[in-house]
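Below, read A as the first sequence line, B as the second, and so on, with proteins coming before strands; counting in each chain starts at 1.
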Protein chains: 2
Amino acid sequence: MARPPTARAKALSAFTQILVTSGERAATLDAVAKAAGISKGGLLYHFGSKEELNEGLVAHLRELIRADIERMNTDPEGAVAYLLRTSAAFESDFENVYIAVAALAQSGDTQAAEVLQEADDAWFKSVATEVKDDAVARAVVLLSDGIYAHAAVQRGPTGHDVDELQELIKQLLATRKQQEQ
Amino acid sequence: MARPPTARAKALSAFTQILVTSGERAATLDAVAKAAGISKGGLLYHFGSKEELNEGLVAHLRELIRADIERMNTDPEGAVAYLLRTSAAFESDFENVYIAVAALAQSGDTQAAEVLQEADDAWFKSVATEVKDDAVARAVVLLSDGIYAHAAVQRGPTGHDVDELQELIKQLLATRKQQEQ
DNA sequence: GTCTATACCCAGATAGAC
DNA sequence: GTCTATCTGGGTATAGAC
């Protein structure tokens, strides 16, 4: 798992790309192998079956979530800004893999559905720690999910105005803090 | 189109149910026919191909959107309340068909993706008319999309606290109205 | 209008050479 | 570790009876 042979990584990358741009139906072993520049046999050497390929991508996302949370917690603008910004802008691999796994989840893969929930839970935790308002944190994660859902359907980054959303969140937090006192 | 023979309606209903509960992969002609209590041949009489079946569901959603917008615009609690409430609670057929079409969209169906965008646009229009604040309207639709995305992945209604969200929106609108003056 | 039977095709998986 | 060739199963579609 630590330093995977390049063919394996290329396969995962190609699989991701096809899932994002063409959907789950198009992501056949043939298509993945071709896009990765290897043969179907070679692909099946690294992933013994289609299910293992799915699991491989799910496991990959699980790793990326850890790294994403790390970046989120250390972002100079804060967790809310990071989450909304990356949802809309595809700053790293993470966003593509997330969308790809979402496609798997909708096609019937239950492990894919589970890891998406894990991402949401981790996001909520980070955001809640920052804003100290669980209701707002839930809303922020929901907004992020909405942006991702859009990207998944439109097959690419969305034009959502993140600054506008951040401003709304800021205003909301200020209002609620005031009322609390 | 006006008074479809029951077999057609049953097929569409079964197709919807399988898509929602088991994903696109499971929604084969065999499975749909069986769930609808008809034979594959009978199913193919009403829908000449799998693609036509997809199109049939997309067209059905397009009709339901009109009815949904109608209910939204006349809801005693208002459009925002209606949208958030129905996203989380599956009040009518609409929500199930919406999730089903979302599954088609993720699997690669472009017409399905288009009609989902139409729904979002129509929702935005209704909400924006009510709240008279485009930024907030966009956020509300995004929240709704987030809730739907959750439901799609979890394969059923979500436990999101709609009252909590509505309260947030209310506070936000009040704050922004005040600042405007 | 709905059925059964069957043909066709392609995605997934296996075998074995290199 | 990667290839080509081949087999199998199942999903889609057609033919034709009732």
Inset, instruction - State whether A:Y45 places a side-chain N or O below 4.0 Å from either non-bridging phosphate oxygen (OP1 or OP2) of D:dG1. - result: yes

Inset, instruction - Please determine if B:D161 and A:R138 form a salt bridge, counting it only when a charged side-chain N lies under 4.0 Å from a carboxylate O. - result: no

Inset, instruction - Check whether any side-chain N or O of B:R155 sits under 3.5 Å from a backbone N or O of B:V20 as a donor-acceptor pair, and report yes or no. - result: yes

Inset, instruction - Using whole Å, report how far NZ of A:K50 lies from C1' of D:dT8. - result: 17 Å

Inset, instruction - Whole angstrom is fine here: how far is it from CD in A:E51 over to C1' in C:dG12? - result: 12 Å

Legend entry - B:T16 versus B:N96, side-chain donor and acceptor atoms under 3.5 Å: no

Inset, instruction - Please check if any side-chain donor atom of B:D120 sits under 3.5 Å from a side-chain acceptor atom of A:H150, or the reverse. - result: yes

Legend entry - Close approaches to DNA chain C from residues 22-29 of chain A, in residue order (heavy atom, under 4.0 Å): A:T28, A:L29

Legend entry - Rounded distance (Å) that lies between atom P of D:dG16 and atom CG of B:L44: 16 Å

Inset, instruction - Enumerate the residues from residues 30-42 of chain B whose closest heavy atom to DNA chain C is under 4.0 Å, giving them by residue number; use none for an empty result. - result: B:I38, B:S39, B:G41, B:G42

Inset, instruction - Would you kindly give the CG-to-C1' distance between B:L43 and D:dG11, to the nearest whole Å? - result: 12 Å

Legend entry - More than 12 heavy atoms of other groups within 6.0 Å of A:K34 NZ: no

Legend entry - Distance-only side-chain donor-acceptor flag, B:D68 / B:Y82, under 3.5 Å: yes

Legend entry - By side chain to side chain donor-acceptor pair (under 3.5 Å) - contacts of A:Q178 (at least two apart): none

Legend entry - B:Q166 versus B:E77, side-chain donor and acceptor atoms under 3.5 Å: no

Legend entry - Interatomic distance, B:E52 CD vs D:dT12 P [rounded to whole Å]: 14 Å

Legend entry - Between C1' of D:dT2 and NE2 of A:H46, the distance in whole Å: 8 Å

